[in-house]
Amino acid sequence: QVQLVESGGGLVQAGGSLRLSCAASGGTFTRMNMAWFRHAPGKEREFVATITWNFGVADYADSVKGRFTISRDNAKNTVYLQMDSLKPEDTAVYYCAARYSGAYSYTTDEKQYTDWGQGTQVTVSS
């Protein structure tokens with residue numbers, strides 16, 4: 001079983017930046033696609049970004065394109081989410097997720113992810 005631990009959340013003013021980290025252990029990180037999801041009060045959990053284990057192909061939700069960047073460091077078994085130009089609507093609990101995947105595919109469907117972190121709160125004030 002894969003353990004995922006997120007960090008880096010906090011309170012920031014609109015227009016500011018945060019970088020989330022997710023450290024993985026107990027699995028083969030270099031064969032796992034990684035993703036970030038978020039859950040805001042009163043809303044369903046939604047996809048934010050994903051990155052493949054091979055070639056680091058990334059995909060983003062339309063709402064964060066151009067503002068967020070997902071990356072990974074396979075030597076540190078860690079995935080990051082750099083969040084810039086933050087907006088109050090980005091306020092949510094952010095979750096890291098992992099799944100073993102084939103060489104040339106990725107998914108934005110949360111049901112396909114098998115391992116999840118405990119979440120980290122991001123609050124953006126206006």
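The first residue of the sequence shown is numbered 1, and numbering continues consecutively from there. Model, not experiment: these values are computed from the prediction.
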Open item on the list: Can you confirm whether the side chains of Thr91 and Glu89 place a donor and an acceptor under 3.5 Å from each other?
Closed with: no
Task: Euclidean distance, Gln13 CD relative to Ser126 OG, rounded to 0.5 Å - done: 9.5 Å
Task: Of Val48, Ile70, Thr108, the residue whose pairing with Tyr60 passes side chain to side chain contact (heavy atoms under 4.5 Å, CB included) - done: Ile70
Open item on the list: Less than 4.5 Å apart, side chain to side chain, heavy atoms only: is that true for Leu81 and Arg19?
Closed with: no
Task: Lys/Arg cation over aromatic Phe29: Arg72, 6.0 Å, 45° cone - done: yes
- [ ] Any salt bridge (charged side-chain N to carboxylate O under 4.0 Å, His left out) involving residues 95-113? Give me the pairs, sequence neighbours left out, ordered by first then second residue.
- [x] Arg45-Glu110
Task: Sub-6.0 Å ring centroid separation between Phe37 and Tyr113 - done: yes
Open item on the list: Hydrophobic clustering (ILVMFWY, side-chain heavy atoms < 4.5 Å, transitive) - are Trp53 and Trp36 grouped together?
Closed with: no
TODO: Taking all non-hydrogen atoms of both residues into account, name the closest pair between Gly27 and Val2 and its distance.
DONE: CA-CG2, 4.0 Å
Open item on the list: Strictly distance-based, threshold 3.5 Å: is any side-chain N or O of Gln112 a donor or acceptor partner for the main-chain N or O of Thr107?
Closed with: no
Open item on the list: Could you tell me if Ser17 and Asp84 have a donor-acceptor pair between their side chains, going purely by distance under 3.5 Å?
Closed with: yes
- [ ] Classify the angle between the aromatic ring planes of Trp116 and Tyr95 as parallel (below 30°), tilted (30 to 60°) or perpendicular (above 60°).
- [x] perpendicular
Open item on the list: Is any side-chain heavy atom of Met32 closer than 4.5 Å to one of Thr30?
Closed with: no
Open item on the list: Could you tell me if the side chain of Glu6 sits less than 4.5 Å from the side chain of Ser21, heavy atoms only?
Closed with: no
Open item on the list: Looking at every non-hydrogen atom in both residues, tell me the closest pair between Val57 and Tyr106 and how far apart they are.
Closed with: CG1-CE2, 4.3 Å
Open item on the list: Quick test of your reading of the model: are Lys65 and Asp62 salt-bridged, counting only N-O distances below 4.0 Å?
Closed with: yes
Task: Note, Arg67 side chain near Asp90 side chain (heavy atom, < 4.5 Å) - done: yes
Task: Closest non-hydrogen atom pair between Arg38 and Ala92, with its separation - done: CB-CB, 3.8 Å
Open item on the list: Within the structure provided, determine whether Thr120 and Ser7 are in side-chain contact (heavy-atom separation under 4.5 Å).
Closed with: no
Task: Same apolar cluster: Val122 and Val64, side chain cutoff 4.5 Å - done: yes
- [ ] Could you grab the distance from atom NE2 of His39 to atom CD of Glu46, nearest 0.5 Å is fine?
- [x] 9.5 Å
Open item on the list: Side-chain heavy atoms nearer than 4.5 Å, only ILVMFWY residues, links allowed to pass through others: does that put Val124 and Met83 together?
Closed with: yes
TODO: Identify the two heavy atoms, one from Gln118 and one from Leu4, that lie closest to each other, and give their separation to 0.1 Å.
DONE: OE1-O, 3.6 Å
Task: Minimum-distance pair of heavy atoms, taken over all atoms of Thr78 and Ala23 - done: OG1-CA, 4.1 Å
TODO: Group every Ile, Leu, Val, Met, Phe, Trp and Tyr by side-chain heavy-atom contacts under 4.5 Å, then state whether Leu20 and Val93 land in the same group.
DONE: no
- [ ] Answer with yes or no whether the hydrophobic clustering places Phe55 together with Ile51; edges join I, L, V, M, F, W, Y residues whose side-chain heavy atoms lie under 4.5 Å apart.
- [x] no
- [ ] Please list, chain by chain and in numerical order, all residues satisfying side-chain contact (heavy atoms from CB on, under 4.5 Å) with Ser71, sequence neighbours excluded.
- [x] Tyr80
- [ ] Write down the atom of Ser125, the atom of Leu11, and the distance for their closest heavy-atom approach.
- [x] CB-CD1, 4.3 Å
